[in-house]
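Presented below is the structure to which this report refers.
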Amino acid sequence: MNQPARGLHGQAVEVIGERIIRGTYAPGASLYPDQVERELGVSKTVVREALRVLASKGLIDSRQKRGTFVRPRSDWNLLDGDLLRWQGRGIPDEVFLDNLGEVRGIVEPAGARLAAERRDESDLAALQDALDKMAAAGSDAHAAVEADLAFHRALLAAAHNELLTRMEVVIEAGLRVRDHIVHGADHSADAVPAHRAVLDAVRAREPEVAARAVQDLLAQAAADLHGLIDDSNPGETG
């Protein structure tokens with residue numbers, strides 16, 4: 001069955017975008033639409049629309065005489081949800097993981113501090129529901145990460161700051177990357193107690209305690225993640 005053009009266009013965006021992120025198409029390299037059409041087996045219209053989307057993300061540009069080319073990484077919209085997702089696929093770059101961890105370390109404790117000051121009963125209910133689902137997930141990796149995402153989204157939402165809430169795209173990228181590695185391991189630590197400590201502090205309206213609880217949660221998550229990466233690369237040092 002033929003897929004709709006929108007689906008083909010979305011697939012083309014995914015393939016080309018991930019190749020750019022992975023360096024298959026390096027910054028400064030030319031992209032040839034005719035070649036992409038043949039390789040992906042799609043129409044000129046599909047490729048044209050895909051390139052338009054990628055240009056809006058800062059990945060590519062087109063100029064007379066030079067044609068279409070990959071822009072420098074400094075021009076990329078690195079907070080774009082697709083770019084974050086593409087960077088987190090496969091074996092993530094440790095620099096990328098560290099950058100995500102640093103951004104989360106700035107955003108989430110501040111969000112928890114505000115949440116403890118501003119939360120209402122519906123916020124507490126959303127946090128509790130996510131925590132309950134996390135506890136019930138057991139060995140179901142998909143359910144566990146979806147519950148984890150719901151908890152962190154609810155925490156940012158409880159800060160009642162629209163711009164801060166938009167940072168959920170970074171939080172989601174960090175959590176999904178961590179899930180790719182952690183849930184691929186034989187054993188993973190129980191995340192419920194650390195998240196419960198955050199909720200308890202938010203419920204008690206203790207901003208500094210909530211911020212510290214999030215800092216502790218993130219520090220443990222980072223340590224676990226790097227431990228698993230080190231275990232998967234036993235021959236590497238430094």
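Starting from 1, each residue takes its place in the sequence as its number.
- For residues 211-220, the set of pairs meeting the salt bridge (charged side-chain N to carboxylate O under 4.0 Å, His left out) definition, not counting sequence neighbours, is empty.
- Here CG of Asp140 is found 10.0 Å from CD of Glu146. Values are rounded to the nearest 0.5 Å.
- Contact annotation: the side chain of Val214 approaches that of Leu155 to within less than 4.5 Å [non-hydrogen atoms, C-beta and beyond].
- Sequence neighbours left out, the pairs with a member in residues 27-48 that pass salt bridge (charged side-chain N to carboxylate O under 4.0 Å, His left out) are Arg19-Glu39, Asp34-Lys44, Glu37-Lys44.
- Counting heavy atoms from C-beta outward, His160 and Asp123 have side chains that approach closer than 4.5 Å.
- Side-chain contact between Asp98 and Val95 is absent, with no heavy atoms from C-beta onward closer than 4.5 Å.
- In this structure, the side chains of Leu156 and Val107 come closer than 4.5 Å at one or more pairs of heavy atoms.
- Tracing side-chain contacts under 4.5 Å through hydrophobic residues (I, L, V, M, F, W, Y), one reaches Leu164 starting from Leu84; they form part of the same cluster.
- Clustering ILVMFWY residues whenever any of their side-chain heavy atoms sit less than 4.5 angstrom apart, transitively, puts Leu149 in the very cluster that holds Val103.
- Partners of Asp129 according to the side chain to side chain donor-acceptor pair (under 3.5 Å) rule, which considers only residues two or more places apart in sequence or in another chain, are Lys133.
- In terms of hydrophobic clustering, with Ile, Leu, Val, Met, Phe, Trp and Tyr side chains grouped at heavy-atom distances under 4.5 Å, Ile106 and Leu100 are assigned to different clusters.
- Arg153 has a carboxylate O that lies under 4.0 Å from a charged side-chain N of Glu172, or vice versa, which qualifies the two as a salt bridge.
- Taking 4.5 Å as the limit, some side-chain heavy atom of Gln128 sits within range of a side-chain heavy atom of Leu131.
- One distance of note links CZ of Arg119 with CG of Leu127; it measures 10.0 Å at 0.5 Å rounding.
- Residues Pro27 and Pro72 approach most closely at CB-CA, 4.1 Å, considering heavy atoms.
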Less than 3.5 Å apart, which donor and acceptor atoms pair up between the side chains of residues 51-64 and the rest of the protein, not counting sequence neighbours?
{"residue": "Arg52", "atom": "NE", "partner": "Glu49", "partner atom": "OE1", "Å": "3.1"}
{"residue": "Arg52", "atom": "NE", "partner": "Glu49", "partner atom": "OE2", "Å": "3.2"}
{"residue": "Arg52", "atom": "NH2", "partner": "Glu49", "partner atom": "OE2", "Å": "2.5"}
{"residue": "Ser56", "atom": "OG", "partner": "Val53", "partner atom": "O", "Å": "2.5"}
{"residue": "Lys57", "atom": "NZ", "partner": "Asp80", "partner atom": "OD1", "Å": "3.1"}
{"residue": "Lys57", "atom": "NZ", "partner": "Asp80", "partner atom": "OD2", "Å": "3.0"}
{"residue": "Lys57", "atom": "NZ", "partner": "Asp82", "partner atom": "OD2", "Å": "2.9"}
{"residue": "Ser62", "atom": "OG", "partner": "Thr68", "partner atom": "OG1", "Å": "2.8"}

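- With Arg104 contributing its side chain and Leu218 its backbone, the two residues share no donor-acceptor pair below 3.5 Å.
- We find the CG-CZ distance between Leu199 and Arg196 to be 9.0 Å, quoted to the nearest 0.5 Å.
- Looking at Tyr32 and Val47, their side chains never come closer than 4.5 Å, going by heavy atoms from C-beta outward.
- For the atom pair CD (Glu18) and CG (Leu83), the distance works out to 11.0 Å, reported to the nearest 0.5 Å.
- No continuous path of hydrophobic side-chain contacts links Tyr25 to Phe69 [ILVMFWY only; heavy atoms under 4.5 Å].
- Using a 4.5 Å heavy-atom threshold, the side chains of Trp86 and Ile20 count as separate.
- Contact annotation: the side chain of Arg118 approaches that of Asn161 to within less than 4.5 Å [non-hydrogen atoms, C-beta and beyond].
- For residues 64-74, the set of pairs meeting the salt bridge (charged side-chain N to carboxylate O under 4.0 Å, His left out) definition, not counting sequence neighbours, comprises Arg71-Asp75.
- Pairs passing the ring pair (Phe, Tyr, Trp, His ring centres under 6.0 Å) check and including a residue from residues 195-224, sequence neighbours excluded, read Phe151-His195, His152-His195.
- Taking 4.0 Å as the cut-off between side-chain N and carboxylate O, Glu117 and Arg205 do not count as a salt-bridged pair.
- Val192 and Val209 are assigned to two separate hydrophobic clusters, defined by single-linkage of ILVMFWY side chains at heavy-atom distances under 4.5 Å.
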